[in-house]
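A quick write-up on the structure given underneath.
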Amino acid sequence: MRFLPLLFVAALAGCATTTETPGRAGPSLTAEQIVAARQAAFTLSASAFGGMRRTVEAGGEVKPLTMSARGLARWAETLPAMFPEGTQLPASRARPEIWQNRADFETNASTFQAATATLLQAAEAGDAAAFKTAYGAVGTACGACHKSYRAEPPR
Ligand code: ASC
């Protein structure tokens with residue numbers, strides 16, 4: 001009889017571990033931290049992408065752009081996860097349409113993923129012609145998503 005409370009606690013603990021959603025365990029970030037992290041990623045992306053332009057226009061060696069291309073590709077892969085519900089803050093230029101048209105937003109992200117994956121392949125292969133084509137596709141993907149889902153900068 002005096003073990004009953006212990007059994008009860010053990011049963012509760014069992015519930016807690018079995019109802020945990022896989023992949024959701026561990027530390028969580030505040031909305032402010034998520035916004036700051038994705039803004040950092042977008043700034044680095046603009047730097048990486050902008051840094052490629054001179055080489056593309058000059059028809060230069062694209063292999064040295066592999067690391068920049070990999071950065072864009074890896075960001076593209078995780079981008080949708082960095083826009084969870086509840087992260088439309090005043091400091092963010094994310095438009096509410098991201099969450100209203102989630103499937104379309106993710107389609108845009110998939111286009112960006114495919115374009116950056118192709119860009120990375122071209123860089124690794126040192127294929128300047130393929131890189132130039134992929135560079136154009138990446139720029140188009142950036143612009144298309146920003147048109148629908150990024151607000152104007154605050155004035
Ligand atoms: C950039 C940047 C964007 C995109 C876009 C391409 O470097 O900051 O938002 O490229 O202009 O269309």
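Just follow the structure's listing: the first ligand is 1, and inside any ligand the first atom is 1.
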### Query
Mind checking whether Tyr149 and Leu89 sit in one hydrophobic cluster, side chains of I, L, V, M, F, W, Y counted as touching below 4.5 Å?
no
### Message
Is it the case that atom CD in Glu57 sees more than 12 heavy atoms from other parts of the structure closer than 6.0 Å?
### Response
yes
### Query
Could you walk me through whether Arg95 and Glu97 pass the salt bridge (Lys or Arg N to Asp or Glu O under 4.0 Å) check?
CA-CA 5 Å; Arg95 283 169 55 173; Glu97 285 83 354; 3.4 Å; yes
### Query
Where do Thr55 and Met52 land on the side chain to side chain contact (heavy atoms under 4.5 Å, CB included) test, with the steps shown first?
CA-CA 6 Å; Thr55 302; Met52 294 170 175; 5.7 Å; no
### Task
Non-hydrogen atoms closer than 4.0 Å to ligand 1: which protein residues do they belong to? List them by chain and number, please.
Ala46, Phe49, Gly139, Cys142, Gly143, His146, Arg150
### Query
At their closest point, which heavy atom of Pro80 faces which heavy atom of Arg102, and how far apart are they?
O-NH2, 2.8 Å
### Query
Mind checking whether His146 and Phe42 have parallel, tilted or perpendicular rings, split at 30° and 60°?
perpendicular
